[in-house]
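Below: one structure, written as structure tokens.
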Amino acid sequence: MKKFIVLALLIMICGAAKAQSESQNSTDTLTTEQELELVKKKVEKAEAKAKKQEKVAAEEKKVEKLKKQINAKEKSIAKEERQIEKLKGQLEKGTIKGSLSPIEIQKIEDKVANKQIKLMKENEKLKKLKRKL
């Protein structure tokens with residue numbers, strides 16, 4: 001859309017320059033060509049400024065996306081920690097009461113170990129995301 005506006009502006013300027021050159025002599029044609037060059041330079045500056053603004057906007061979006069990913073990882077880590085504590089609580093409670101068989105105890109311990117491995121992986125991913133930010 002910006003390119004279309006710039007192109008339309010350039011066409012209008014060229015049309016005005018052509019109309020003036022037909023009505024004036026050759027010395028005036030030189031000044032209209034100079035004006036045309038000035039307008040072209042202004043248009044190029046405007047395009048460069050628009051590109052810079054687009055880059056800044058893209059960078060801001062990237063930062064926001066990283067922040068959202070970091071928040072999601074932190075929530076995931078907190079959830080894993082709560083699950084580990086819950087499993088440890090079940091294991092402790094069951095061993096105190098004596099209601100857990102050795103097989104059940106081993107299953108719970110395996111679950112805790114798996115959750116801790118997952119927690120370590122999530123922490124590593126979180127560190128990587130924070131380094132990108």
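Since we're looking at a predicted model, the values are computed, not measured.
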Practice task
Just jot down the side chain to side chain contact (heavy atoms under 4.5 Å, CB included) partners of Q69, sequence neighbours excluded, or say none.
Solution key: K65, L66, L129
Practice task
Would you confirm whether T95, through its side chain, and L91, through its main-chain N or O, come within 3.5 Å as a donor-acceptor pair?
Solution key: yes
Exercise for the section: Drop me the distance from K115's NZ to L87's CG, to the nearest 0.5 angstrom. Expected result: 7.0 Å
Exercise for the section: First locate atom CG of N114, then atom CD1 of I84, and finally report the distance between them rounded to the nearest 0.5 Å. Expected result: 10.0 Å
Problem - Non-neighbouring partners of K111 that pass salt bridge (Lys or Arg N to Asp or Glu O under 4.0 Å), sequence neighbours left out - result: none
What pairs of donor and acceptor atoms, side-chain ones from residues 100-110 against any protein atom, are under 3.5 angstrom apart with sequence neighbours left out?
residue, atom, partner, partner atom, Å
S101, OG, E104, N, 3.3
E104, OE1, S101, N, 3.1
Q106, NE2, D110, OD1, 3.1

Problem - Whichever hydrophobic residues join I96 through chains of side-chain contacts under 4.5 Å - result: none
Practice task
Using the test salt bridge (Lys or Arg N to Asp or Glu O under 4.0 Å), find all partners of E124 that sit at least two apart in sequence or belong to another chain.
Solution key: K127
Problem - K73 vs I70, side-chain contact (heavy atoms from CB on, under 4.5 Å): CA-CA, chis, key distance, verdict - result: CA-CA 5 Å; K73 286 294 175 195; I70 289 171; 5.8 Å; no
Practice task
Output every pair passing salt bridge (charged side-chain N to carboxylate O under 4.0 Å, His left out) with a member in residues 76-103, not counting sequence neighbours, ordered by first then second residue.
Solution key: E80-K118
Practice task
Please list, chain by chain and in numerical order, all residues satisfying salt bridge (Lys or Arg N to Asp or Glu O under 4.0 Å) with K132, sequence neighbours excluded.
Solution key: none
Practice task
Not counting sequence neighbours, which residues clear salt bridge (Lys or Arg N to Asp or Glu O under 4.0 Å) with E74? List them please.
Solution key: K130
Handout entry: ILVMFWY clustering at 4.5 Å (side-chain atoms), partners of I117
Key = none
Problem - Hphob cluster co-occupancy, L126 + L133, side-chain heavy atoms under 4.5 angstrom - result: yes
Practice task
Any chance you could pull the hydrophobic cluster mates of L38, using side-chain heavy atoms under 4.5 angstrom and chaining through other members?
Solution key: none
Exercise for the section: State the CD-NZ distance between E64 and K68, to the nearest 0.5 angstrom. Expected result: 7.0 Å
